[in-house]
Number of protein chains: 2
Amino acid sequence: MVAAERAKRRSARASVWLEDKARRGGGARGGQPSGLDRDRIVATAVALLDAEGLAKFSMRRLAAELNVTAMSVYWYVDTKDDLLELALDTVFGETGVPATIPGDEEESTADWRDLLRELAVDYRAVLVRHPWVSPLAGTFLNIGPNYLEFSFAVQRVIRRTGLPLSEQTAAISAVFQFVYGFGTIEGHFIERCAAAGVSHDEYFSDAIAAVMQVPEISHVMERSKAIMEARGGDTVGEMFERDFSTALEIVIGGIEARVARVG
Amino acid sequence: MVAAERAKRRSARASVWLEDKARRGGGARGGQPSGLDRDRIVATAVALLDAEGLAKFSMRRLAAELNVTAMSVYWYVDTKDDLLELALDTVFGETGVPATIPGDEEESTADWRDLLRELAVDYRAVLVRHPWVSPLAGTFLNIGPNYLEFSFAVQRVIRRTGLPLSEQTAAISAVFQFVYGFGTIEGHFIERCAAAGVSHDEYFSDAIAAVMQVPEISHVMERSKAIMEARGGDTVGEMFERDFSTALEIVIGGIEARVARVG
DNA sequence: ACCTGAACACCGTTCAAGT
DNA sequence: ACCTGAACACCGTTCAAGT
């Protein structure tokens, strides 16, 4: 395949997952001088993204980590974006979906609320563990196998709520867009603490202190002091935890109320 | 002020809004050869971000638009990130907060549900109109005047729900992280359509068709056909609209149910 | 089939110099 | 006080060449 052909297909394709089969398979071919293959490239990319963040991630930096030239990587992936899409789907494999969520045909006594909590917690964990996931999940088409498995699990659980079909996609949004937003903020906060080299609590109180020094802000901030204090929890971590679980219960309660009304 | 000093302060600062007063004021100084000032720079940046997206935005591109050298801009802002923070806060000024949301001291007969809907709709509109806002809002500290005004308005409205103080931050999350997630996906979708040069409906059906061609995906996709069809609305726009408003009602209903239980 | 080196067209930012 | 030009240390990606 000539470079020109590849370039043409690249711009037409909406996702790596739509590339043709020949390249899709990949896997270890063995016997290469450098021992390179797609799996190893993607795994290294994930490790690097976790360690140094999306902003610092580059094809050249990745190649150095793999002890090859930058251009070697391009034999296995067409573009940086394709590679990021592969990395993105990889970490969605961390959600423990198949083990816990019953399939369509299976009978199960599990309560949909518990299943939904489980999926929400899993999703949040992915976003917090890998802060680079959020901007990518918002950008790409998201049709990798792991993401699809996750999202089909979500659909199966929502089906059990008793909501009419016409409102099920909305319920999915209410739960998982909330988790996406929450996990995004939380992940970035943690990333910032790490970058600044201070603990979560330290970073938090430093930020408050800094904001309070700006006169235009501080006087209006006084009004929201009460709400911050009543939030509960001694550490930032506990605050996040309480907010997340309470908010999740609010949304679940909203679905219940909706079912009771329309069902 | 020497460059070295600036560099030092830059790395210590957590946000543009914490820079010292001398620079903060800014505004039109007049009489400069190029007529440059912070407001004009930020306004041009917003226009450029809207037109070409965050990925293509660069200091050099911006400078060209302003008919100056790239380095002229650095007289008014310390870094590209600072400029992006300023642009971010600017568009939050588009939310019509002060006109509609009553202050703390004011008596108002307005229902908190209506006020909350209004704020949610405003926030979504910002995210959809400016798809570059979402990754920035997730990254920065977000303490610009317009964002703070918006977020204090949110706090005032939530206070009227009757929820206990300890659960108000969670309720804020439930509503506005959902809107953030929803607006993010929607904004990126619209951006992608524009980039591909096709209508929303065309892009949508093309994407479905492309996904269906991958055998591993298509057979499992069949199961979610029903849910997509029952969603309602003939166009993608109508689908987004229905999902958003239904999901918002679910969350509002969740807050109501919570109030009824604990209040 | 796989990998490299040089090159192109970009970045953000620094620094010393101009007016 | 404001603006420029040259330079540094980077990018993603192309292309022709190597083994």
Side-chain angles (χ1 to χ4, degrees), chain A residues 1-11 13 16 22-23 25-41 45 48-49 52-85 87, chain B residues 1-11 13 16 22-23 25-41 45 48-49 52-85 87:
Chain A
M1 172 170 40
V2 210
E5 279 179 40
R6 280 217 262 155
K8 206 195 290 174
R9 218 203 20 210
R10 187 174 334 186
S11 59
R13 236 195 312 115
V16 224
R23 287 179 77 78
R29 266 156 251 199
Q32 284 136 23
S34 63
L36 224 53
D37 63 74
R38 206 179 242 204
D39 287 350
R40 201 160 87 80
I41 289 172
L48 215 49
L49 284 161
E52 304 179 356
L54 184 59
K56 284 190 180 172
F57 180 80
S58 79
M59 295 301 267
R60 285 165 148 106
R61 178 75 188 78
L62 171 66
E65 201 71 15
L66 290 162
N67 289 312
V68 292
T69 320
M71 294 323 299
S72 301
V73 179
Y74 280 94
W75 181 258
Y76 299 92
V77 291
D78 277 347
T79 64
K80 187 190 183 186
D81 273 3
D82 277 9
L83 177 54
L84 290 174
E85 244 187 302
Chain B
M1 171 170 41
V2 212
E5 280 178 41
R6 278 216 265 155
K8 207 194 291 175
R9 216 203 22 206
R10 184 175 336 185
S11 60
R13 234 191 318 109
V16 224
R23 287 180 76 76
R29 264 156 252 200
Q32 284 138 21
S34 63
L36 222 54
D37 63 73
R38 208 179 240 205
D39 287 350
R40 201 160 85 81
I41 289 171
L48 215 48
L49 284 161
E52 303 179 357
L54 185 58
K56 283 189 180 172
F57 179 80
S58 79
M59 295 300 266
R60 284 168 149 105
R61 179 76 187 77
L62 172 65
E65 201 71 15
L66 291 161
N67 288 312
V68 292
T69 318
M71 295 321 300
S72 301
V73 180
Y74 280 94
W75 180 259
Y76 300 91
V77 290
D78 278 346
T79 64
K80 186 189 183 188
D81 272 4
D82 277 10
L83 176 55
L84 290 175
E85 244 186 300

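Order of the sequence lines sets the chain letters (A, B, ...), proteins ahead of strands, with each chain counted from 1.
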Does some side-chain heavy atom of A:M59 sit less than 4.5 Å from a side-chain heavy atom of A:V77? yes
Does B:T69 use its side chain to pair, donor to acceptor, with the backbone of B:S72 at less than 3.5 Å? no
Please answer whether the main-chain N or O of A:Y76 pairs with a side-chain N or O of A:R38 as donor and acceptor at a distance below 3.5 Å. yes
Take atom CG of A:D82 and atom P of D:dG12, then tell me their distance rounded to the nearest Å. 14 Å
Test: salt bridge (charged side-chain N to carboxylate O under 4.0 Å, His left out). Region: residues 65-76 of chain A. Which pairs qualify, not counting sequence neighbours? A:R61-A:E65
What interatomic distance, in whole Å, is found between P of C:dA9 and the corresponding atom of D:dA9? 22 Å
I need the CG-P distance between A:D81 and D:dC11, as an integer number of Å. 16 Å
Stems with DNA chain C, 3 or more Watson-Crick or G-U pairs in a row (under 3.5 Å), are C:4-8 with D:12-16, C:12-16 with D:4-8
Value rounded to 0.5 Å, distance of CZ in B:R13 from CG in B:D78: 5.0 Å
Expressed as a whole number of angstroms, how long is the span from B:M59:CE to C:dT13:C1'? 9 Å
Could you tell me the separation between the CZ atom of A:R60 and the CE atom of A:M71, rounded to the nearest 0.5 Å? 9.0 Å
Please give, in whole Å, the distance from C:dC15 P to B:Y74 OH? 13 Å
Do you know the tightest heavy-atom contact between B:F57 and B:L83? CZ-CD2, 4.0 Å
Using a cut-off of strictly less than 4.0 Å, decide whether A:W75 has a side-chain nitrogen or oxygen near OP1 or OP2 of C:dC2. yes
Write down the distance between CG (A:L84) and P (D:dC11), rounded to a whole number of angstrom. 14 Å
Distance in angstrom units between B:L83 CG and C:dG12 P, rounded: 10 Å
Atom of B:L62, atom of B:L48 and distance for their closest heavy-atom approach: CA-CD2, 3.6 Å
Output the rounded distance in Å from CG (A:L66) to P (C:dC2). 16 Å
Is there a side-chain polar atom (N or O) of B:Y76 under 4.0 Å from OP1 or OP2 of D:dC3? yes
Scan nucleotides 4-10 of chain C against the protein and return all N/O pairs shorter than 3.5 Å with their distances rounded to 0.1 Å.
from  : atom 1 : to    : atom 2 : distance (Å)
C:dT4 : OP2    : A:T69 : N      : 3.0
C:dT4 : OP2    : A:T69 : OG1    : 2.8
C:dT4 : OP2    : A:S72 : OG     : 2.2
C:dT4 : O5'    : A:T69 : OG1    : 3.0

Testing B:D37, B:L36, B:I41 one by one against B:D39 for a side-chain contact (heavy atoms from CB on, under 4.5 Å), which residue passes? B:D37
